[in-house]
Structure formats: structure tokens, C-alpha cells
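See below for the structure under consideration.
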Amino acid sequence: MSEQPTSPPTMADRLRMARKSEDRVMRESPFGSWLLGSGDQDGSKLRIRVRWLLGGLLAIANIVGATVAILLVTLVMPGPPVFTDELVLVNFVAVPAYIVVSWACINVWAVMRGLRVLRWATEGGPLDEHQRRATLRLPAEFTVMQALAWFGGLVVFSLLYGLANPDLLLKIAFSIVLSGAVTCANAYLLSEFALRPIAARALSTGPRLRRLTVGVTLRTLLFWAIGTGVPVAGMMLVALMALLRVDQVSRFDFAMTMIVLGGVTLVGGFGLTLLTTRATTAPIRTVRAALAKVERGDFDAEVVVFDGTELGRLQTGFNDMVAGLRERERVKDIFGRLVGEDVAEVAMSQRVELGGELRDVAVLFVDVVGSTSIAATLPPTEVVELLNRFFAVVVDEVHAHDGFVNKFQGDAALAIFGAPTELPDAECMALKAARRMNERLRAEVPEFSAGIGVSAGPAVAGNVGAETRFEYTVIGDPVNEAARLTELAKSVRGSVAASMHVLERACDEDERKHWREYKRVPLRGRTERTRVAILADGGKRPR
């Protein structure tokens, strides 16, 4: 049975896979690598992880350096051989003894210094400014320790081999200098990598510093010089030695020297470049992963700041930006709750100024019946709880029918349909909202009775007040008429009253069937009687 060919992934599939990868980076590798653990690991786990990781990486750096030194002495550098009978004690006693002693001393020194500096992180103590700076300088201090060990080796081995055979002096000295440079560069990058979780905790406290370590440019140039410049200079030195000793260096030896030294240069330069690149891109990857979360609307995304260079300032700047976005969204949310989402959107998208414009709107006014007696008989907390339940239904139905609650007036509310955003069927939506609101209030808030009035017509909608304090509102005859109809609604069957003008302008024939003309009534403040419509079924509670 033949397999069905699989279709290539679409753009949506690629985006989905990229988002999963970025989320995994944020969740599993907040420090740029899974080896460093999560951002919420406790002090004991962090201490064990950093100790073993730091010790292992520094050991690897020294092993690599020692390997390079052996290759240089035995295969690369021209000159007398080092494995002779006169140098047996030096090769097999003095050299191993120095390596063991120096490595033990450096380890003890590094452990004691690290425990003293990192006591605040491992034991949970306070962190002052001096400790914070000392913590962030630890990679440089560990590198100095390695440099001192290799410098001691340079002095000791140059003396031992130089006394035995002066022709070995330059060969031994150059090999140790080159190997020590490679070791120190690796030690700095690897110790900086291992201490990222500690650096993150140090950078998260105290005032912000402009720069805590060498910059990216200086670090890149420095490691280029160590990984490429020094080996190339060594090749030039070997060539110069061959020229000075043309009779002592065969063509084959010179070719092998160039080949091996070139290989060491390529491998060493590649390794240092790889470590430098990863150290540079790790903060960028974390920012990119967090940025992807922000693009999807997650403003809780935050980057763990673990880099003391300009890239650390980039991480900090990203966190400041997200904090500003969170505050903006919070202000927007509060603003929308206070004045309505539509008004908030209009206010934030254009210049806000006093004045208004003539708009055709529908107005719904709802008021509680007998609120004075309710407030006098119930405790204030119960009154507030009832009013919140009452207004929850009002707001829900108004929003469900594309209107917005313009204001709350004690136990009453004014809702507008058709402003600030236009609504073609504003009258129909206002009638539907009033009818549905009446049904829900009777079913969900039986403790209250409310009158609902609906009107429509031209009104001025805009900002009213002073330059320092104003609000969006609607002023005009429909608002006054809705308020008067609400008073009438409290005494009619169904508790809902609408102007027949609204019903006649409603475009939905199905909605009109729920209403019937009541009669002409005089409304307070109006010279002519108003034709009024009420619910056809009397606003019976739905079964």
C-alpha cells in the first residue's frame, strides 16, 4: 500500500512551530541554554549546578590548553626535541608536579573566592552594591587565576628547559604563551556562561548600572586577537625562525609546522568564535522569544537579564518596554471601564477636544423603582451588592446590542446607541436591549423593579466640560424624552415604555411584533402629547 504524499507545511504551520520553539526557549532556557536550568530553581540546586558546571568547564578549558601546548612543543615548533634523556626528570616529574600543584591551588583559590562572593546567592543573604559588582566580576577574576597559573608555568618551564638546552627556550615560551591565551579566553567565556543564573539574580536587584563588564565590541576584538591574531603571529614567528636557521629546518619540517599550526589556528579560532557568538546571541534569542509572546498579546512576558554588556541593557530595555505596555493596557482597561470601550477607542485614536457633532441616536434610560425605601430598609453593603447585580445585567445587555453605557446616576443608567460609533439600526437595537433587559432583570434581580424608557432622534454627542476635566455625553431631546418615558414606565404594565417614533423607525419587523401602541400621554416638560409604545405581552417573565 503506497503512502500518501505529505503536503508541505503552510505559513501558518511554520508560524505555529516557531511560536512553540520560542515558548520552549522562554520556559526551558531563560538563560540561553538548558544546561543552566530554569529561572525559579532554589538556592541549593543552583549552587550544585553552578559548582559542577563551572569546575567542569574550567577543567575542559585547561585540558584544551594543555593539548595545544603538547602539540606545539612536539609537532609544530622547530627546534631540538624535548623528549631526551637529559629532560626525563623535567618531562615526567617537574611538569606533572607543577600541573597538579598549580591546578589544586587555583581550584582552592577559586572555590574560596567564589563561596565568599556568592554567599548571598547560596545562603539567601542580603546583596549590597559591593557584592553585586564582585559577583559580576567573577568571570574576569577566574580568568586572571588561570592566567597566573599559566604565567607561573611560563616562568618555571622556561627556566627548566632553558637551563637544560638554551635552544628550547623560545620554543617552550611561545608554546605556553599561545596555549595560555587560548585557555584564558575559553575560561572567561565558559565561566561567564556557567555564572549566568547568578548574574541574573545580581542584575535583578539594586540600581541599574550602565555597564558591568567589557563591551561586545571589545570582547569580540579581544577574542579575535587571542583566537586568530596570536596563532597567526606564531606562524610568522615560526617562518622567521626557519629563515634564521635555514640550514637546521628541512623543507618537510617547515611544511608540517605550517600545516599543524594552521590547523590549530583554524580549530582554536573556530572554537573561540563559536563561544563568542553564542555568548552574544543568547541574550538576543531570549529577547526574540519574549517579543513573540508580546506580539501575541501576552504582556506578562519578561526576559531574565543575565548579560552585563550592552546586550544586558537591551534585555533590560525590553523589560522596561513591556512594563510600559502593561501599564498602558491597564490604563486603557480602566479608561474603558470608566467611560466605555467605544469612547476610549475614539479618545485614544484621535485628538480629544471640547465640542460635539449632531448624530442620530437611540437612548435607553433605566431607573430603579422605590430606591429610597430600599436604601432605608437594607444595610448599605446589601444595597451596593444588589445595585452591582442590577447594573451587571444592564451593561451586559447594552453591550450585547452594540450600545454603550454613557453614565451611571445613582440607581439609574443612561445607554446610547449610535454614538460615538455609528450604528445603522440603532432604534431596533435599543428596543431589543430594553426588552431583553426587562426579562433578565425580572428573572435575575427580582428584589428590584425598574422602569425602562427608550427614545431616539438627533442629539449632540461630544465632550462637555472644561479643558482640564470633561466627559463624553449626549445632549438633546431624545435624552430628556427617555428620562420622562422611564418615569411613565414605572406605572405601566411591563415597566418598559418607548416612543412610537422609535418603533416606526425600527427596521426589524420581527422586533415590532413584540410592541404595541399604548396611548398618547403628556410628558413633563413637553407641550404636546407623546405617542407611547409598550410591550405587547406586558413584559411577562419568560418560562
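Legend: residues meeting side chain to side chain donor-acceptor pair (under 3.5 Å) with Thr84, ordered by chain and number and at least two apart, are Glu86. A search for side chain to side chain donor-acceptor pair (under 3.5 Å) contacts involving Arg326 returns nothing, not counting sequence neighbours. With sequence neighbours left out, Thr143 forms a side chain to side chain donor-acceptor pair (under 3.5 Å) with no residue at all. With sequence neighbours excluded, no residue forms a side chain to side chain donor-acceptor pair (under 3.5 Å) with Glu295.
Side-chain atoms of Asn91 come within 3.5 Å of backbone N or O of Val82 as a donor-acceptor pair. The backbone N or O of Val155 lies less than 3.5 Å from no partner atom in the side chain of Ser158, so there is not a single donor-acceptor pair.
Residue pairs satisfying the ring pair (Phe, Tyr, Trp, His ring centres under 6.0 Å) criterion with at least one member in residues 72-111, sequence neighbours excluded, are listed as follows: Tyr98-Phe157. Residue pairs that meet the salt bridge (Lys or Arg N to Asp or Glu O under 4.0 Å) test with at least one member in residues 152-166, sequence neighbours left out, do not exist here.
With rounding to the nearest 0.5 Å, the separation of CZ in Phe142 from CG in Leu54 is 5.0 Å. Here Leu291 contributes atom CG and Arg296 contributes atom CZ; the two are 10.5 Å apart, rounded to the nearest 0.5 Å. Between atom CD1 of residue Ile63 and atom CG of residue Leu58 there is a gap of 11.0 Å, rounded to the nearest 0.5 Å. If you take CH2 on Trp52 and CG on Leu57, they are separated by 13.0 Å, rounding to the nearest 0.5 Å. Interatomic distance, Thr135 OG1 to Glu141 CD, rounded to the nearest 0.5 Å: 9.5 Å. The distance from atom CG of Leu178 to atom CH2 of Trp150, rounded to the nearest 0.5 Å, is 9.5 Å.
Under the 4.5 Å side-chain criterion, counting only non-hydrogen atoms from C-beta, Gln146 is not in contact with Asn186.
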